[in-house]
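Following: one structure in structure tokens, then a few remarks.
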There are 2 protein chains.
Amino acid sequence: MSEHFDDNKLSASLEDYLEAVLAVIIEKKAVRAKDIADRLSVSRSSVTGALQALAAKGYIHYAPYDVISLTDEGEKVATMILGKHNILTQFFAKMLLIEPGLAEETACKMEHSMPEEVIERLTCLYSFIMDSQKDPNEWSTKFSDYCKKQNKSSKA
Amino acid sequence: MSEHFDDNKLSASLEDYLEAVLAVIIEKKAVRAKDIADRLSVSRSSVTGALQALAAKGYIHYAPYDVISLTDEGEKVATMILGKHNILTQFFAKMLLIEPGLAEETACKMEHSMPEEVIERLTCLYSFIMDSQKDPNEWSTKFSDYCKKQNKSSKA
DNA sequence: CAAAAAAGTTAGGAATGACTTATATTATGC
DNA sequence: GCATAATATAAGTCATTCCTAACTTTTTTG
């Protein structure tokens with residue numbers, strides 16, 4: 001399909017950096033290494049290292065002291081990752097009724113090991129269920145009631 | 001709640017070893033290092049190393065050349081991990097209608113980063129949806145139809 | 001029961017990944 | 001042009017995970 005030589009595969013941590021690049025660009029039109037360092041709570045030199053790795057794999061344009069930007073491929077992948085993150089967060093929070101903080105945190109970890117096909121299907125499930133609710137609170141009421149009952153009977 | 005000193009936390013790989021120990025015990029009543037080596041496709045010496053690490057963290061009873069068994073804590077944790085694995089596999093395969101191989105593979109990766117609370121809730125969702133189906137094929141028919149429609153309209 | 005085979009252990013080391021601190025370099029605002 | 005803020009590089013730490021090779025213990029079996 002495309003030019004994947006298998007050395008442009010991303011580790012979880014590099015995915016986080018790439019995701020952060022896009023997120024900061026969206027937020028404020030441009031990225032500086034410092035923004036990423038702050039956002040991910042790492043040193044500036046870690047950021048430099050990560051950016052070099054991302055550039056070597058073809059996801060960003062990078063040259064010392066120059067402006068950072070995403071390549072086409074990088075934009076595609078970063079958008080995918082950010083998308084996964086958002087879908088997962090929503091699924092956990094709105095559908096499983098997990099408390100927002102934990103939903104976010106869990107999404108963060110899982111976004112790295114979730115194949116596209118599975119994410120697509122999860123998106124489908126989410127809209128399938130949500131679309132079939134009459135009013136916006138119906139799901140949360142029904143489902144939390146069901147969970148409570150389950151817990152009661154399982155602890156008996 | 002209990003005596004967690006933070007050095008008994010398990011990496012994804014150690015969780016895999018621990019899970020394998022339990023799985024083999026269930027399958028054939030006892031574990032030999034070789035079973036684990038075969039199952040995880042690693043060398044025998046890697047298994048020794050992992051078993052020592054698991055013992056140091058209090059999850060298994062281990063002494064050179066002796067029988068391997070789970071501690072109470074180890075059994076608890078291993079059961080949890082295996083449980084996560086199974087729920088996730090089922091959820092992917094039966095609910096999201098993912099092909100069994102990919103369902104299994106994805107579950108394998110995700111089981112390590114899924115908090116208990118989220119798994120519990122996912123279990124609830126699974127039974128909530130499945131219990132509300134009249135016949136066993138209802139879900140798969142309804143949901144796959146919906147997905148097909150979604151894909152058609154999104155590719156227009 | 002003793003040798004051979006199988007299983008398990010140990011030592012030592014390589015590769016990787018993700019960080020760090022400390023020092024140098026560049027860019028920019030004034 | 002110079003100070004300072006931002007970046008980059010060098011060099012090294014630390015933890016994981018795995019390997020091979022050589023050794024020891026256990027098991028099998030003639």
Side-chain angles (χ1 to χ4, degrees), chain A residues 5-21 24-25 27-70 77 81 108-109 111-113, chain B residues 5-21 24-25 27-70 77 81 108-109 111-113:
Chain A
F5 285 103
D6 218 57
D7 58 330
N8 45 5
K9 209 167 271 165
L10 292 172
S11 65
S13 137
L14 283 183
E15 281 194 7
D16 283 335
Y17 282 101
L18 186 58
E19 189 186 353
V21 169
V24 175
I25 287 180
E27 245 175 59
K28 41 195 294 194
K29 299 283 179 193
V31 221
R32 285 167 314 148
K34 182 154 186 295
D35 298 323
I36 296 169
D38 291 347
R39 170 178 269 258
L40 301 181
S41 301
V42 294
S43 73
R44 282 151 237 105
S45 81
S46 299
V47 176
T48 304
L51 292 178
Q52 286 168 345
L54 287 174
K57 289 164 195 281
Y59 295 106
I60 64 172
H61 297 297
Y62 171 84
Y65 301 104
D66 203 351
V67 173
I68 299 157
S69 64
L70 292 161
V77 173
I81 299 170
C108 232
K109 286 187 244 154
E111 70 195 14
H112 304 299
S113 45
Chain B
F5 285 102
D6 217 53
D7 58 332
N8 47 5
K9 209 168 273 163
L10 291 172
S11 64
S13 141
L14 282 183
E15 281 193 7
D16 283 334
Y17 282 101
L18 186 58
E19 189 186 353
V21 169
V24 174
I25 287 180
E27 245 175 60
K28 41 197 290 196
K29 300 283 176 191
V31 221
R32 285 168 311 149
K34 180 148 188 294
D35 298 322
I36 296 169
D38 291 347
R39 171 178 269 257
L40 301 181
S41 301
V42 294
S43 72
R44 281 168 284 133
S45 80
S46 297
V47 175
T48 303
L51 293 178
Q52 286 169 346
L54 287 173
K57 290 166 195 282
Y59 295 105
I60 64 172
H61 297 296
Y62 171 85
Y65 302 104
D66 203 350
V67 173
I68 298 155
S69 64
L70 292 161
V77 173
I81 298 171
C108 232
K109 287 187 244 155
E111 71 196 16
H112 304 299
S113 45

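Computation of the quantities below employed the complete heavy-atom set of this structure, encompassing side-chain atoms and omitting hydrogens, waters and symmetry-equivalent molecules. Every chain is numbered from 1, with letters handed out A, B, ... down the list of sequences.
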B:Y17 versus B:L51: any side-chain heavy-atom pair under 4.5 Å?
no

Using a cut-off of less than 4.0 Å, is there contact between a side-chain N or O of A:T48 and OP1 or OP2 of D:dT9?
no

Show the distances under 3.5 angstrom between N or O atoms of the protein and N or O atoms of nucleotides 24-29 of chain C.
residue : atom : partner : partner atom : Å
C:dT25  : O2   : A:Y65   : OH           : 3.0

Separation of D:dA8 atom C1' from A:L54 atom CG, nearest Å, is 16 Å

Which residues pass the side-chain hydrogen bond (donor to acceptor under 3.5 Å, both in side chains) test with B:Q52, sequence neighbours left out?
none

Report yes if some heavy atom in the side chain of B:D16 is under 4.5 Å from a heavy atom in the side chain of B:E111; otherwise report no.
yes

For residues B:L70 and B:L18, determine if any side-chain heavy atom of one lies less than 4.5 Å from a side-chain heavy atom of the other.
yes

Report yes if a side-chain nitrogen or oxygen of B:S13 is closer than 4.0 Å to either non-bridging phosphate oxygen (OP1 or OP2) of D:dC18; otherwise report no.
yes

Rounded interatomic separation in angstrom, taking CG from A:D16 and P from C:dA18:
9 Å

Does C:dT9 have OP1 or OP2 sitting under 4.0 Å from an N or O in the side chain of B:Y62?
yes

Starting from C1' on C:dT10, measure out to CG on B:L51 and report it in whole angstrom.
14 Å

Atom pairs, N/O to N/O, protein against nucleotides 19-22 of chain D, distance under 3.5 Å?
residue : atom : partner : partner atom : Å
D:dC19  : OP2  : B:S43   : N            : 2.9
D:dC19  : OP2  : B:S43   : OG           : 3.1
D:dC19  : OP2  : B:S46   : OG           : 2.7
D:dT20  : O4   : B:S45   : OG           : 2.7

Holding to side-chain contact (heavy atoms from CB on, under 4.5 Å), I want the full list of residues that pass it with A:A53, two or more places apart in sequence or in another chain.
A:L14

Donor on one side chain, acceptor on other, B:D66 and B:H61, under 3.5 Å
no

Using heavy-atom distances to pick each residue's nearest nucleotide on DNA chain C, tell me which of B:D66 and A:V47 is more 5'.
B:D66

Test side-chain hydrogen bond (donor to acceptor under 3.5 Å, both in side chains) applied to B:K28 - qualifying residues, sequence neighbours left out:
B:D35

To the nearest Å, give me how far apart NZ (A:K9) and P (C:dT16) are.
15 Å

Which parts of residues 29-38 of chain A get close to DNA chain D, meaning a heavy atom less than 4.0 angstrom away?
A:R32, A:A33, A:K34

Please name all residues satisfying salt bridge (charged side-chain N to carboxylate O under 4.0 Å, His left out) with B:K109, sequence neighbours left out, ordered by chain then number.
none

Quick note, salt bridge (Lys or Arg N to Asp or Glu O under 4.0 Å) partners involving residues 39-57 of chain B, not counting sequence neighbours, are B:E27-B:R39

Looking at side-chain heavy atoms only, is the closest gap between B:Y59 and B:V21 below 4.5 Å?
no

Please name all residues satisfying side-chain hydrogen bond (donor to acceptor under 3.5 Å, both in side chains) with B:S113, sequence neighbours left out, ordered by chain then number.
none

Hits for side-chain contact (heavy atoms from CB on, under 4.5 Å) against B:A55, two or more places apart or cross-chain, chain-then-number order -> B:I60, B:Y62

Terminal axes of the helix from C:dC1-D:dG30 to C:dC30-D:dG1 (five pairs each): angle between them, nearest 10 degrees
10°

Side-chain N or O of B:Q52 less than 4.0 angstrom from OP1 or OP2 on C:dT9?
no

To the nearest angstrom, how far is B:L18 atom CG from D:dT17 atom C1'?
17 Å

Residues in side-chain hydrogen bond (donor to acceptor under 3.5 Å, both in side chains) with B:S46, at least two apart?
B:S43

In whole angstrom, give the distance that lies between atom CD1 of B:I68 and atom P of D:dT26.
14 Å

Please examine the side chains of A:I36 and A:V42, heavy atoms only from C-beta on, and report whether any two atoms are closer than 4.5 Å.
no

